[in-house]
Amino acid sequence: MKKVILLCCLSFAMSQTSYAQLHFGLKGGVNYNPGSIQKVSSDVFEGAESKTGYHAGIWLRAKIPVLGLYVKPELVYTNLKNDVTYSSIIGGAKSTVFSFQKIDIPVLVGKKFFGIGNVYIGPNFQYVLDQNFDISDIQNVQGDGFTLGLQYGGGIEIGKLGIDIRWERGFSPLESSFIANSTDVKFETRTKQIIIGLTYRL
């Protein structure tokens, strides 16, 4: 069902490309994801601190006639990291990094104003490619692959260059698990990001 919804939204977004004033380009920037680890089933984490991640991808923008709006689907690779203090039975507390990589497909509807400004909002379809801890004690990290979120924000575009800031909130958490000290530990991650990006129109 989730794949059907994703395909329908992508089909709708791409169908808009037949309209005039079609633009496309590249984008990249930094991501800040505070408090991604939640609801751990076992007391193995003493704390998690956010680190700055990054993203890179492509975008397409097409004006919707009459309404004065535009639709902007994107395809983005995102890498996020968190510093984590892990409580090991052997050796005590250890510092590690939790990272995960995902593909984001936001489908945004926006409005331009004053010729250079814009605001937008829309769903973000996310597919997690990989997630892991940078420590050998934690093995077999597994989790859900698909989740849905919301992105909204705004920015300015002068000529071919643009800058924007947006917020992202996951509608549902990603349920994950790993093996540590022969124990099956379950935890949740929920994307809650501040995203700052630069765009270049080709």
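Because the structure is predicted, anything quoted here is derived from the model rather than measured.
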Please give me the minimum heavy-atom distance between [X] and [Y], naming the atom from each residue.
X	Y	result
V119	F113	CG1-CE2, 3.9 Å
Y70	K111	CE2-N, 3.5 Å
Q151	I195	NE2-CD1, 3.9 Å
G122	L108	N-CD2, 3.8 Å

Does [X] reach the side chain of [Y], with side-chain heavy atoms less than 4.5 Å apart?
X	Y	result
H55	D104	no
I103	L129	yes
T78	Q126	no
R166	P106	yes

query = Is there a donor-acceptor pair under 3.5 Å between the side chain of W59 and the backbone N or O of L26?
reply = yes
inquiry  = Is there a side chain to side chain contact (heavy atoms under 4.5 Å, CB included) between L148 and F125? Walk through the geometry before answering.
reply    = CA-CA 5 Å; L148 180 65; F125 302 91; 3.6 Å; yes
Would a single hydrophobic cluster contain both [Y] and [X], if residues Ile, Leu, Val, Met, Phe, Trp and Tyr are joined by side-chain heavy-atom contacts under 4.5 Å?
X	Y	value
I121	I196	yes
L75	L202	yes
V109	F171	yes
L161	I165	yes

ask   = Is the shortest distance from a Lys or Arg side-chain nitrogen in K72 or E74 to a carboxylate oxygen in the other one below 4.0 Å?
value = yes
ask   = W167 vs Y152 aromatic rings, parallel, tilted or perpendicular, using cut-offs 30° and 60°?
value = parallel
message = Let's go through E157 and R61 carefully: what are the C-alpha distance in whole Å and the side-chain angles of both, what is the deciding distance for side chain to side chain contact (heavy atoms under 4.5 Å, CB included) to 0.1 Å, and is it a yes or a no?
response = CA-CA 13 Å; E157 187 175 1; R61 184 176 66 211; 2.9 Å; yes
query = Between T147 and K102, does a side chain to side chain contact (heavy atoms under 4.5 Å, CB included) hold up when you go through it step by step?
reply = CA-CA 10 Å; T147 187; K102 63 191 181 91; over 6 Å; no
note = The residue among K160, K63, R201 that forms side-chain contact (heavy atoms from CB on, under 4.5 Å) with H23 is R201
query = Which is it for F24 and I58 under the side chain to side chain contact (heavy atoms under 4.5 Å, CB included) test, yes or no, and what are the steps along the way?
reply = CA-CA 7 Å; F24 62 95; I58 57 177; over 6 Å; no
